[in-house]
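Worksheet for the structure shown next.
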Amino acid sequence: MPFHLSHNAEAAGFRLAAFDTFNGSTNTEALDRARAGDCGSLWIVTDNQLGGRGRRNRAWIAPKGNLAASLLIVTDVSTSTAATLGFVAGVALERAIVRVSPYLRHRISLKWPNDILADGAKLSGILLESEPLDERRRAVVVGIGVNVVAAPEGLPYPGASLVSLGANVSASELFAALADEWIAAAAIWDEGRGMGALRDLWLERATGLNGPISVQTPSGVIGGIFETIDDMGRLIMQRADGTTEVVSAGDVHFGGLATRK
């Protein structure tokens, strides 16, 4: 089934650039189009991405049949507000997965800051990138990769795919649901004004909440209890000495001491 946008998504002003095979990264393509003057609200999608990137320029391996989608947004919101779009993506993607496979509702969860888990294994990753276009406008690209037919092998963490979970769904079917759920989640977010409400939705589906976690940050490993996230999407942790730690970025591990991966 070819990729398509629903009438609702088209009416909301979204456009689609779909590829049978994409040799590079859909995120890179989106940024290149923004630099060339694209006005945004553009989805770039494929089910065969050959040069994907994850966080910290890690390779994102996507066998044919998996979903690689990047949404280009051109906005004048602040850098800190734009950074919360990753939570819009998380809420929208979780809802899209449940929409196409309702029986997975209680097996899917959100991992701070940007992963979707299935039974504790990584099902999807979200990569947010942005850069200024001029003194007022900023290009933000929300990259979403989902293991639809297969999870990569040889990684330092367990992976899952929709097929391995028993879901009979294609990348194009999941994308159509995602594009619609993006509209709903972005409306709640409301250019950052509704981040409090979106935060509550994210927390309802969060994994590890109120439990022990450790976070590998640029300055080292810190541990404590995962209390919540704030309205800027930062992780709030209670340390063993009773102090509160606010974490803006890092790799989260549950239960034990984090190790560099």
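Bear in mind the structure is a predicted one, so any value in this text is a computation, not a measurement.
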inquiry  = For Ser161, give me all partners under side-chain hydrogen bond (donor to acceptor under 3.5 Å, both in side chains), at least two apart in sequence or on another chain.
reply    = Ser164

query = Hydrophobic clusters join Ile, Leu, Val, Met, Phe, Trp and Tyr when side-chain heavy atoms are under 4.5 Å apart, directly or via other members; which others share one with Ile225?
reply = none

message = Could you work out, with side-chain hydrogen bond (donor to acceptor under 3.5 Å, both in side chains) as the rule, every residue matching Asp20, not counting sequence neighbours?
response = none

note = Ala179 meets the side-chain contact (heavy atoms from CB on, under 4.5 Å) criterion, sequence neighbours left out, with Leu5, Trp43, Phe175

request  = Name all residues meeting the side-chain hydrogen bond (donor to acceptor under 3.5 Å, both in side chains) criterion together with Glu245; count only those two or more places apart in sequence or in a different chain, and write none if there are none.
outcome  = Arg239

message = Distance alone, cut at 3.5 Å: any donor-acceptor contact between the side chains of Ser6 and Asn8?
response = no

key: Pairs meeting criterion salt bridge (Lys or Arg N to Asp or Glu O under 4.0 Å) with involvement of residues 34-46, two or more places apart   = Arg15-Asp38, Asp32-Arg35, Arg35-Glu131

message = Just to verify, what does Ala12 make a side-chain contact (heavy atoms from CB on, under 4.5 Å) with, not counting sequence neighbours?
response = Phe14, Ile183

request  = Apply side-chain hydrogen bond (donor to acceptor under 3.5 Å, both in side chains) to Ser130 and list each qualifying residue two or more places apart in sequence or on a separate chain.
outcome  = Arg138

Identify every side-chain donor-acceptor pair in residues 83-94 under 3.5 Å, counting partners at least two apart or on other chains, and give the distances.
from: Thr84; atom 1: OG1; to: Thr81; atom 2: O; distance (Å): 2.6
from: Thr84; atom 1: OG1; to: Trp189; atom 2: NE1; distance (Å): 2.8
from: Glu94; atom 1: OE2; to: Arg205; atom 2: NE; distance (Å): 2.8
from: Glu94; atom 1: OE2; to: Arg205; atom 2: NH2; distance (Å): 3.2

note = Sequence neighbours excluded, the answer for side-chain contact (heavy atoms from CB on, under 4.5 Å) partners of Ser109 is Leu117, Thr207

inquiry  = Within this structure, what is the OG1-CG distance for the pair Thr21 and Asp47, rounded to the nearest 0.5 Å?
reply    = 7.5 Å

request  = Kindly state each residue pair satisfying salt bridge (Lys or Arg N to Asp or Glu O under 4.0 Å) with at least one member in residues 69-87, sequence neighbours excluded.
outcome  = Asp76-Arg136

request  = List in chain and number order the residues that pass salt bridge (Lys or Arg N to Asp or Glu O under 4.0 Å) with Glu191, two or more places apart in sequence or in another chain; answer none if no residue qualifies.
outcome  = none

ask   = So how far is it from Phe3 CZ to Leu67 CG, rounded to the nearest 0.5 Å?
value = 5.5 Å

key: Backbone of Phe19 reached by a side-chain donor or acceptor of Thr46 within 3.5 Å   = yes

